[in-house]
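Working notes, beginning with the structure itself.
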Amino acid sequence: MKKKPSKNKMWGGRFTSKPSNLLQKVNSSIHFDYKLFEEDIEASIAHAKMLAECKIISKKDSVSIISGLKKISSKFKEGNFKLNPELEDIHMNIEYQLQKEIGNPAKRLHTARSRNDQVSTDLRLYVRKKNNQLIREISNLQYALSKKAKAGYNLLMPGFTHMQTAQPITFGHHLLAYVEMLSRDKSRFIDCNKRLNENPLGSGALSGTSFPINRKITTKSLGFNKPMQNSLDAVSSRDFVLETISSITICSIHLSRLAEEIVMWMSGGFDFIDLPDNLTTGSSIMPQKKNPDLAELIRGKTGRLISSFINISIVMKGLPLAYSKDLQEDKEPTFDAIENFELCLQSMTAMITSLKTNQKNMELAASSQFSTATDLADWLVQNLNIPFRTAHEITGKIVKLCLDENIALEQINIEKLKKIDKRINKGIYKALNVKDSVERKISEGGTSPKNVLKQANKWIKRLENDK
């Protein structure tokens, strides 16, 4: 008698042959969705407990299922769980292994549950956990920036617009700008977790279930705020993934901007900072080189993270309700984006913590390129009651004279200044000192060392209290 081909052991009842090698290769997701292992065990335990409490399965079977799941969890963590691609995904692999562990009671676990609500639940648990980790990593970076800002609260450096020296600021003020950006980034992850923290489990394939389940039980067990209120929405929505990757994208752009500045600051044209040898690399041909590869990789990975958001957006944009297999394509970009973003955060924290500043070069650059020209114009307004637009024009003429004579603003002769405007007096030189310029920027949010020290201490205290 001719032997029939083997079918998928978990869903093959309606089929007379097993999937082709090609289908199996395309269809199998076990090589990446194994990352949901812990969440699948957690959700399955909660489901088994609920089934017993609702008297849908016996207490004995529930205890057996939970015990078996815990054994499987231990095997996985010890590296003794063999993944079978023929079983498609981590969910089927666990269920099949459970049958081998405890026998027939395992077949009752999938009562009142579909892989559709199972996957959605597991992914929400995973993203929630990872978002919390990312929030902690952002706080770590904010803390490193705040500590470095406090150390450099009165360290002068040039502020730039259009990458041209604009006005002097402090290094601490520059770093605190990123602390503020990261604060907004962190709030996006916190808000995202609030929205995603609803329970899809119990929605079945798409329409709910006829079994008398109690979704409040699994909601409480899994730490969700409430059950999702529409079963179609519950199994097919991935906006929580999009929102997470969107938050990653925005924050990674901020990291990339800072990474670019680190690259510039470390270059010979700036020579503002140095990084330790263990966070830099050399050249295979140029022995003198010390390259900020870590910063460059953060900058480079940002494109990868942005593409993950685009990837998932395109997957979702044409899907009708409810579940379609396209949704399997949400996992890889999600896992990749989260893991690489976490690595970027850790790398940036390491660089900020360990970088050393070159005070002499930074302060020299802060006083270059007529950086106090705006202070000069402000002095004319405040001391001679000249309208700002007129003061702006007078200052422009003074800068032009300095350029023609190849001198700095503070080197110009008072008589030459009087020829430009006879009202100018020697008091103008007070406006040309870089240190005084920075100290005068006392407006809320300004760069005065007093402001910067206050803000750095505020952030340090807040972040320490959050730990």
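Computed from a predicted model, the values in this text were never measured in an experiment.
For Asn457 (side chain) and Leu453 (main-chain N/O), a donor-acceptor pair under 3.5 Å exists by modelled atom type. For Asn199 (side chain) and Pro227 (main-chain N/O), no donor-acceptor pair under 3.5 Å exists by modelled atom type. The backbone N or O of Tyr323 sits nowhere less than 3.5 Å from a side-chain atom of Asn116 that would complete a donor-acceptor pair. A donor-acceptor pair under 3.5 Å links the side-chain atoms of Ser267 to the main chain of Met264, judged by distance alone.
Aromatic pair Phe37/Phe81: centroids less than 6.0 angstrom apart.
Checked against ring-ring contact (aromatic ring centres under 6.0 Å, His included), Phe335 has the following partners two or more places apart in sequence or in another chain: Tyr126. With sequence neighbours excluded, the residues that form a side-chain hydrogen bond (donor to acceptor under 3.5 Å, both in side chains) with Arg113 are Ser44, His110. The salt bridge (Lys or Arg N to Asp or Glu O under 4.0 Å) test applied to Arg257 returns no partner, not counting sequence neighbours. Scanning for side-chain contact (heavy atoms from CB on, under 4.5 Å) contacts around Lys418 gives Ile414, Glu415, with sequence neighbours left out.
Both cation-pi conditions hold for Arg128 and Phe224: the charged atom is under 6.0 angstrom from the six-membered ring centre and inside a 45 degree cone around its axis.
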* Stepwise, does the side-chain contact (heavy atoms from CB on, under 4.5 Å) test hold for Ser139 with Lys186? -> CA-CA 8 Å; Ser139 290; Lys186 190 162 62 175; 2.8 Å; yes
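Using a 30° and 60° split on the angle between ring planes, Tyr178 and His174 fall in the tilted class, from 30° to 60°.
Identified under the side chain to side chain donor-acceptor pair (under 3.5 Å) test for residues 349-365, with sequence neighbours left out: Asp271-Asn361, Gln359-Glu363. For residues 376-399, no residue pair satisfies the side chain to side chain donor-acceptor pair (under 3.5 Å) rule, not counting sequence neighbours.
The pair Lys416-Glu405 meets the salt-bridge criterion, since a charged nitrogen lies less than 4.0 angstrom from a carboxylate oxygen. With respect to Glu38 and Lys77, no salt bridge is recorded, no charged nitrogen being found less than 4.0 Å from a carboxylate O. Using a 4.0 Å cut-off between charged side-chain N and carboxylate O, Lys35 and Glu339 make a salt bridge.
Note that CG of Leu156 and NZ of Lys435 are 8.0 Å apart. Values are rounded to the nearest 0.5 Å.
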